[in-house]
**Student:** 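Let me begin by handing over the structure; questions about it come next.
These numbers come from the heavy atoms of this one structure, side chains and all, not from hydrogens, waters or symmetry mates. Nothing fancy with the numbering, it's 1 onward along the sequence.
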Amino acid sequence: MQLNKADLRFITALSAQVAGAIYNVRLLDEARRRALQLQTAAEIARDISSLLDLDELLAKAVTLVRDRFSFYHAAIFLVDPGGEYAVVREATGKAGAEMKRAGHKLGVGSKSRE
C-alpha cells in the first residue's frame, strides 16, 4: 500500500490531535489530583479549628491522607524540641503502630525515605 501526500497530511493531522487529546487527559488528571489535595488540606484545616485534642486531630489527618490518596501507609512526624529529629507522632496500620512504639525518628534534613 502506497500513501500519497494527502494521506500523509491526514495521518499527521490525526496524530497531532491524538497527542493533544492525550495531553489534555493528563492535564485533567493532574488538576483532579491537585483539587483532591487541596480539598484534603482544607478538611484538615477545618478539623484543626474544631478539634482540641492533638492526638485525635493527628489520627484523623493521617487516616484521611491515607484513604484519600490510596496510600498503603501514612505517618506524621513532628520535630523534637531540640530540632534535631523528626519523630513519628501518628501513623496508620500495624507498621505505624510499631514505628510509634519504637519511637522511630529521622534526622532533620536527612535524605532517608523510610
Side-chain angles (χ1 to χ4, degrees):
M1 179 176 156
Q2 186 105 1
L3 297 177
N4 61 33
K5 288 183 181 181
D7 293 333
L8 290 175
R9 279 194 300 272
F10 173 75
I11 291 171
T12 301
L14 182 61
S15 65
Q17 288 180 356
V18 169
I22 291 170
Y23 178 74
N24 288 338
V25 167
R26 286 182 180 162
L27 283 178
L28 181 60
D29 187 50
E30 177 62 26
R32 285 181 180 155
R33 188 179 67 77
R34 185 70 177 139
L36 182 59
Q37 287 175 337
L38 292 173
Q39 179 184 357
T40 302
E43 287 182 38
I44 292 170
R46 183 196 66 224
D47 288 344
I48 288 172
S49 65
S50 66
L51 294 175
L52 300 177
D53 181 25
L54 180 61
D55 292 331
E56 183 181 352
L57 171 65
L58 294 177
K60 201 169 180 183
V62 76
T63 300
L64 184 62
V65 168
R66 183 201 60 206
D67 293 347
R68 281 284 171 84
F69 301 109
S70 300
F71 292 153
Y72 169 75
H73 171 76
I76 294 176
F77 288 73
L78 298 180
V79 176
D80 69 358
E84 188 175 354
Y85 294 100
V87 181
V88 170
R89 177 65 186 269
E90 187 58 62
T92 60
K94 290 180 182 179
E98 179 56 36
M99 289 170 67
K100 286 172 50 177
R101 262 193 307 282
H104 184 73
K105 61 186 176 182
L106 301 171
V108 171
S110 71
K111 303 292 184 199
S112 177
R113 291 182 162 258
E114 294 180 30

**Student:** I'd like a table of donor-acceptor pairs (distance under 3.5 Å, sequence neighbours excluded) in which one partner is a side-chain atom from residues 18-28, with atom names and distances.
**Tutor:**
from  : atom 1 : to    : atom 2 : distance (Å)
Asn24 : ND2    : Gly20 : O      : 3.3

**Student:** Identify the heavy atoms of Gly96 and Ala91 that sit nearest to each other, and give their distance.
**Tutor:** CA-CB, 3.3 Å
**Student:** For Leu38, which fellow cluster members are found when Ile, Leu, Val, Met, Phe, Trp and Tyr are connected by side-chain heavy-atom distances below 4.5 angstrom, either directly or through intermediates?
**Tutor:**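 None; Leu38 is a cluster of one.
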**Student:** Please output the side-chain donor-acceptor pairs of residues 3-10 that fall under 3.5 Å, not counting sequence neighbours, one pair per line with the distance.
**Tutor:**
from : atom 1 : to   : atom 2 : distance (Å)
Asn4 : OD1    : Ala6 : N      : 3.0
Asn4 : OD1    : Asp7 : N      : 2.7
Asp7 : OD2    : Asn4 : N      : 3.3

**Student:** Can you list every side-chain hydrogen bond (donor to acceptor under 3.5 Å, both in side chains) pair that touches residues 58-73, not counting sequence neighbours?
**Tutor:** Thr40-Arg68, Glu43-Arg68
**Student:** For Arg46, what residues pass the side chain to side chain donor-acceptor pair (under 3.5 Å) criterion, not counting sequence neighbours?
**Tutor:**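 By the side chain to side chain donor-acceptor pair (under 3.5 Å) rule, Arg46 matches no residue at all.
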**Student:** About how many Å separate CG of Leu57 and CD1 of Ile44, when rounded to the nearest 0.5 Å?
**Tutor:** 8.0 Å
**Student:** What residues form a salt bridge (Lys or Arg N to Asp or Glu O under 4.0 Å) with Asp53, not counting sequence neighbours?
**Tutor:**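 Salt bridge (Lys or Arg N to Asp or Glu O under 4.0 Å) list for Asp53, sorted by chain: empty.
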**Student:** According to side-chain contact (heavy atoms from CB on, under 4.5 Å), who are the partners of Ala59, at least two apart in sequence or on a separate chain?
**Tutor:** Glu90
**Student:** What do the steps show when you test Leu58 against Leu78 for side-chain contact (heavy atoms from CB on, under 4.5 Å), and what is the final call?
**Tutor:** CA-CA 10 Å; Leu58 294 177; Leu78 298 180; 4.2 Å; yes
**Student:** Other members of the hydrophobic cluster containing Val79, with the 4.5 Å side-chain heavy-atom rule, please.
**Tutor:**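 Reading the cluster by chain and number, Val79 sits alongside Val108.
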**Student:** Please list all pairs passing the ring pair (Phe, Tyr, Trp, His ring centres under 6.0 Å) test where one or both residues lie in residues 31-69, with sequence neighbours left out.
**Tutor:**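 Found Phe69-Phe71.
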**Student:** Pick one: which of Arg89, His104, Lys105 meets side-chain contact (heavy atoms from CB on, under 4.5 Å) with Phe77?
**Tutor:**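 Of all the options given, the one that passes is His104.
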**Student:** Linking directly or through intermediates, with side-chain heavy atoms under 4.5 Å: list the remaining ILVMFWY members grouped with Tyr85, chain and number order.
**Tutor:** Val87
**Student:** Name all residues meeting the side chain to side chain donor-acceptor pair (under 3.5 Å) criterion together with Gln17; count only those two or more places apart in sequence or in a different chain, and write none if there are none.
**Tutor:**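 In terms of side chain to side chain donor-acceptor pair (under 3.5 Å), with neighbours along the sequence ignored, Gln17 is linked to no residue.
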**Student:** Quick one: salt bridge (Lys or Arg N to Asp or Glu O under 4.0 Å) partners of Arg101, sequence neighbours excluded?
**Tutor:** Glu98
